[in-house]
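For reference, the structure discussed in these notes is given below.
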Amino acid sequence: MALLLVVALPAAYAGCVQMPDSGPIVSGHSESAADASMPSDIDPQPPQQGASRLDVVNGFLQAMTAWPVKTTVAKEYLTSDAAREWNPNGGTIVYDSSAPPSDDAGQVTVRLGGASRLDSTGAWRGPAPAGDHTLRFRVVREHGEYRIANPMDSMVVPSTWFQQRFGEIALYYFDPEAKYLVPEPVFVPQGDQLPTALVTALIAGPPRGLGGVVRTFVPPGLSVGLSVPVSAKGIAEVSLDGQQAQPSAEEAQLLLAQVATTLRQDPAITGFRVTLDERPVRARNGDSTLPIDFGSQFTASGAATGNLFGIDRGRLVEGDPANLTPVPGPFGTPGRDLDSVAVEPAGDRAVGVTDGGRTAVQAPLSTGGPAVRTLLTGATSLARPTADLAGRIWLLDRRSGGARIYCVQDGRADVVRVPGVSGADVRRLVVSRDGTRLVAVVHRASGDEVRGARVATAPSGRVARVVHPFRVPVGAGQRIVDIGWASPTRLAILMPNRPGGLFQIEIVPADGSTVGADTLSTVIGGHVLGLAASPDPDQPTYAVLKNTLVDVRTRVSTQLAGSPTHVGYAG
């Protein structure tokens with residue numbers, strides 16, 4: 001039997017919940033978290049009279065696969081004290097396989113294969129520690145029957161069950177300065193109870209350890225009513241309880257933006273209303289019933305310009321594929337000799353690498369702005385820059401002794417230490433538009449790796465530290481040519497399938513999750529130079545060939561004017 005460590009479900013799921021059944025439409029080979037139709041209900045069997053210790057442990061594991069999710073039967077396999085104290089909301093273990101349980105003097109042992117874990121919010125936390133691959137149950141007699149006295153504080157379910165019933169979706173929090181909404185991918189049950197699942201997970205707060213990375217304006221200690229009903233007109237009623245003080249006008253705006261953006265992922269919802277202890281939470285204009293696009297101004301994935309940018313004969317060009325012309329600013333003048341370039345998310349400035357990779361400079365795209373400014377000089381081999389909405393410029397210097405990463409902010413270039421990345425042989429670095437995620441391609445003899453981490457900032461807005469290092473399991477044993485953001489939470493990764501002939505592009509979750517998340521894999525013929533990718537959902541992800549762009553999802557080809565290199569979007 002396959003076993004997967006799954007994060008603990010919110011308390012609202014202890015009775016009965018279902019999960020979402022919608023997701024992005026993709027072409028090529030895809031692996032979806034949910035089937036087109038929801039699986040049938042599962043009603044587990046309660047303990048039978050005279051059951052053996054092995055029967056009780058097997059029954060307990062089976063009871064955790066109840067669908068819709070509920071733990072009432074699972075608790076029947078526990079002693080009275082254990083049932084009162086058991087906290088299945090502590091996390092989830094999802095496993096691929098398990099060995100037959102063994103019984104040794106009252107302790108039943110179950111060994112799991114391919115176990116992964118989710119935290120209490122439903123966020124993916126990667127492979128389970130070695131200690132979590134072995135479950136040890138102390139089984140004792142109570143009232144003449146065997147019962148489990150030490151259940152783990154988590155749910156434990158097979159990956160096959162999990163993939164059919166859970167889907168990855170985002171909860172939205174704010175960056176530390178409360179300027180932009182930041183998506184945090186979590187797994188929640190699919191089905192009619194999706195709005196309830198989303199709100200329950202959102203009010204639980206951000207995952208632990210993300211202080212300085214994200215913040216929430218949902219007051220602590222709240223609970224959701226019995227459910228989040230959606231009317232025939234698509235209005236979601238969000239009733240929050242907790243005896244909390246009413247938020248200020250500014251806090252209310254931000255709280256409502258979090259709720260709206262999180263609920264917006266359910267296409268059935270057109271509007272919403274939030275009450276806190278039965279009092280409506282109102283927007284600045286006094287309205288309490290709001291459209292579902294409320295707070296869209298805080299979304300970080302939208303682009304200031306839909307233009308493409310590239311380098312043609314050393315100059316920065318912009319426009320649509322059929323008409324790429326030099327920008328009017330300094331980078332568009334002859335003789336500029338840019339090696340690589342990144343246009344900042346606001347679309348008004350660009351950062352270019354010159355002097356054979358030794359210097360990074362910044363300049364406006366238009367005329368009449370500030371002069372060209374040097375950001376860093378004396379480097380060894382700067383890769384293509386990346387920039388975030390906070391105005392930070394990220395530079396990767398591929399030095400012979402190992403990579404050094406700089407963050408340039410307010411005219412100062414600080415070295416940022418990234419575990420598993422700094423000092424390694426790094427080929428490419430990208431930072432999310434909201435500035436909270438950093439991902440790099442690390443070259444190894446056995447095959448390139450994609451490694452990432454979260455970026456925490458100090459109250460001053462400067463980068464304080466890098467936390468939660470992770471690895472994205474893709475391209476085992478392969479070389480990675482390029483990487484980019486295909487959505488706020490998805491990475492596009494370019495790998496040679498057959499050098500010089502075929503290239504493979506995979507769009508995968510940026511959190512490294514391997515079970516239950518939508519992925520896309522497609523193969524492009526010809527020599528692919530790189531990717532033009534954007535987190536903006538309205539912009540296609542392109543494979544860039546010498547004179548052609550190929551839409552990764554639709555496979556539609558578009559001719560490029562001239563022979564530009566380093567083609568991409570702003571931000």
Closest non-hydrogen atoms of Ser301 and Pro535, given as atom of the first, atom of the second and distance, are CB-O, 3.6 Å

Shortest non-hydrogen contact from Val472 to Pro509? CG1-O, 3.9 Å

Kindly indicate, with the supporting measurements, whether the criterion ring-ring contact (aromatic ring centres under 6.0 Å, His included) is fulfilled by Phe162 and Phe187. CA-CA 10 Å; Phe162 183 78; Phe187 286 90; 5.3 Å; yes

Just verifying a value: how many Å separate Leu198 CG and Thr262 OG1, rounded to the nearest 0.5 Å? 7.0 Å

Nearest atoms (heavy-atom pairs only) where Gly461 meets Glu177: CA-OE2, 4.0 Å

Quick one: does Cys407's side chain get under 4.5 Å of Arg462's, heavy atoms only? no

Flag side-chain contact, heavy atom, 4.5 Å: Phe137 against Val56: no

Which is it for Gln62 and Ile42 under the side-chain contact (heavy atoms from CB on, under 4.5 Å) test, yes or no, and what are the steps along the way? CA-CA 10 Å; Gln62 289 293 327; Ile42 297 176; over 6 Å; no

Under the side chain to side chain contact (heavy atoms under 4.5 Å, CB included) test, which residues partner Val466, sequence neighbours left out? Val416, Val418, Pro419, Ala453

Examine distances only and state if a side-chain atom of Trp124 and a backbone atom of Arg117 form a donor-acceptor pair shorter than 3.5 Å. no

CD (Gln297) with more than 12 external heavy atoms under 6.0 Å: yes

Which atom names give the shortest non-hydrogen contact between Ser159 and Asp96, and what distance separates them? OG-OD1, 3.0 Å

Salt bridge (charged side-chain N to carboxylate O under 4.0 Å, His left out) partners of Arg282, counting only residues at least two apart: none

Side-chain polar contacts of residues 207-221 - donor-acceptor pairs under 3.5 angstrom, sequence neighbours left out - could you list them?
| residue | atom | partner | partner atom | Å |
| --- | --- | --- | --- | --- |
| Arg215 | NH1 | Pro176 | O | 3.1 |
| Thr216 | OG1 | Val218 | N | 3.2 |
| Thr216 | OG1 | Gln258 | NE2 | 3.0 |

Thr519 OG1 to Ile507 CD1 distance, which is reported to the nearest 0.5 Å: 9.5 Å

According to salt bridge (charged side-chain N to carboxylate O under 4.0 Å, His left out), who are the partners of Arg264, at least two apart in sequence or on a separate chain? none

Could you tell me whether the side chain of Ser98 reaches within less than 4.5 Å of the side chain of Arg111, counting heavy atoms only? no

Which value, rounded to the nearest 0.5 Å, describes the distance between Asp388 atom CG and Arg433 atom CZ? 10.5 Å

Name all residues meeting the ring pair (Phe, Tyr, Trp, His ring centres under 6.0 Å) criterion together with Phe294; count only those two or more places apart in sequence or in a different chain, and write none if there are none. none

Scan residues 217-238 for pairs that pass side chain to side chain donor-acceptor pair (under 3.5 Å), counting only residues two or more places apart or in two chains. none

Is any side-chain heavy atom of Val182 closer than 4.5 Å to one of Phe174? no

When rounded to the nearest 0.5 Å, the distance separating CD1 of Ile148 from CZ of Arg138 is 11.0 Å

Passing candidate, side chain to side chain contact (heavy atoms under 4.5 Å, CB included) with Val274, options Leu256, Leu290, Thr289: Leu256

For residues 448-457, which residue pairs qualify under salt bridge (charged side-chain N to carboxylate O under 4.0 Å, His left out), counting only residues two or more places apart or in two chains? Glu184-Arg454, Arg444-Glu449, Glu449-Arg451

Rounded at 0.5 Å granularity, tell me how far CD in Glu85 sits from OG in Ser80. 11.0 Å

Quick one: closest heavy-atom pair of Thr541 and Ala492, and the distance? CG2-CB, 4.1 Å

Given salt bridge (Lys or Arg N to Asp or Glu O under 4.0 Å), test Asp43 with Lys70 step by step and report yes or no. CA-CA 10 Å; Asp43 294 317; Lys70 53 183 177 290; 3.7 Å; yes

Atom CG in Leu255, atom CG in Leu276: separation rounded to 0.5 Å? 8.0 Å

Nearest heavy-atom pair of Val230 and Ala268: which atoms, and what distance? CG1-O, 4.3 Å

Worked verdict on Thr71 versus Met155 for side-chain contact (heavy atoms from CB on, under 4.5 Å): CA-CA 9 Å; Thr71 58; Met155 298 287 283; 4.0 Å; yes

Are Tyr77 and Met64 side-chain neighbours, meaning at least one heavy-atom pair lies under 4.5 Å? no

Any chance you could lay out the side chain to side chain donor-acceptor pair (under 3.5 Å) test for Asp434 and Ser432, step after step, and finish with the verdict? CA-CA 5 Å; Asp434 56 40; Ser432 60; 2.7 Å; yes

Starting from the C-alpha separation in whole Å, work towards a yes-or-no answer on side-chain contact (heavy atoms from CB on, under 4.5 Å) for Leu438 and Trp394. CA-CA 10 Å; Leu438 178 151; Trp394 297 83; 3.8 Å; yes

Return the set of residues passing ring pair (Phe, Tyr, Trp, His ring centres under 6.0 Å) with Phe272 (not counting sequence neighbours), or none when no residue passes. none

Is any side-chain heavy atom of Pro206 closer than 4.5 Å to a side-chain heavy atom of Thr121? no

Check step by step if side-chain contact (heavy atoms from CB on, under 4.5 Å) holds for Val426 and Val441. CA-CA 6 Å; Val426 182; Val441 176; 5.7 Å; no

Quick one: salt bridge (charged side-chain N to carboxylate O under 4.0 Å, His left out) partners of Asp293, sequence neighbours excluded? none

Please, which pairs that meet salt bridge (charged side-chain N to carboxylate O under 4.0 Å, His left out) have at least one residue in residues 247-262, sequence neighbours excluded? Glu250-Arg284

State, yes or no, whether a side-chain contact exists between Thr457 and Arg392 at a heavy-atom distance under 4.5 Å. yes

By side chain to side chain contact (heavy atoms under 4.5 Å, CB included), Pro101 pairs with (sequence neighbours left out) Leu54, Asn58, Val108, Val110

Does Asp175 reach the main-chain N or O of Tyr180 with its side chain, forming a donor-acceptor pair under 3.5 Å? yes

Do Tyr172 and Leu202 come within less than 4.5 Å of each other through their side chains, counting heavy atoms only? no

Is the closest side-chain donor-acceptor distance between Ser513 and Asp511 under 3.5 Å? yes

Output all residues satisfying salt bridge (charged side-chain N to carboxylate O under 4.0 Å, His left out) with Arg279, sequence neighbours left out; order by chain, then residue number. none

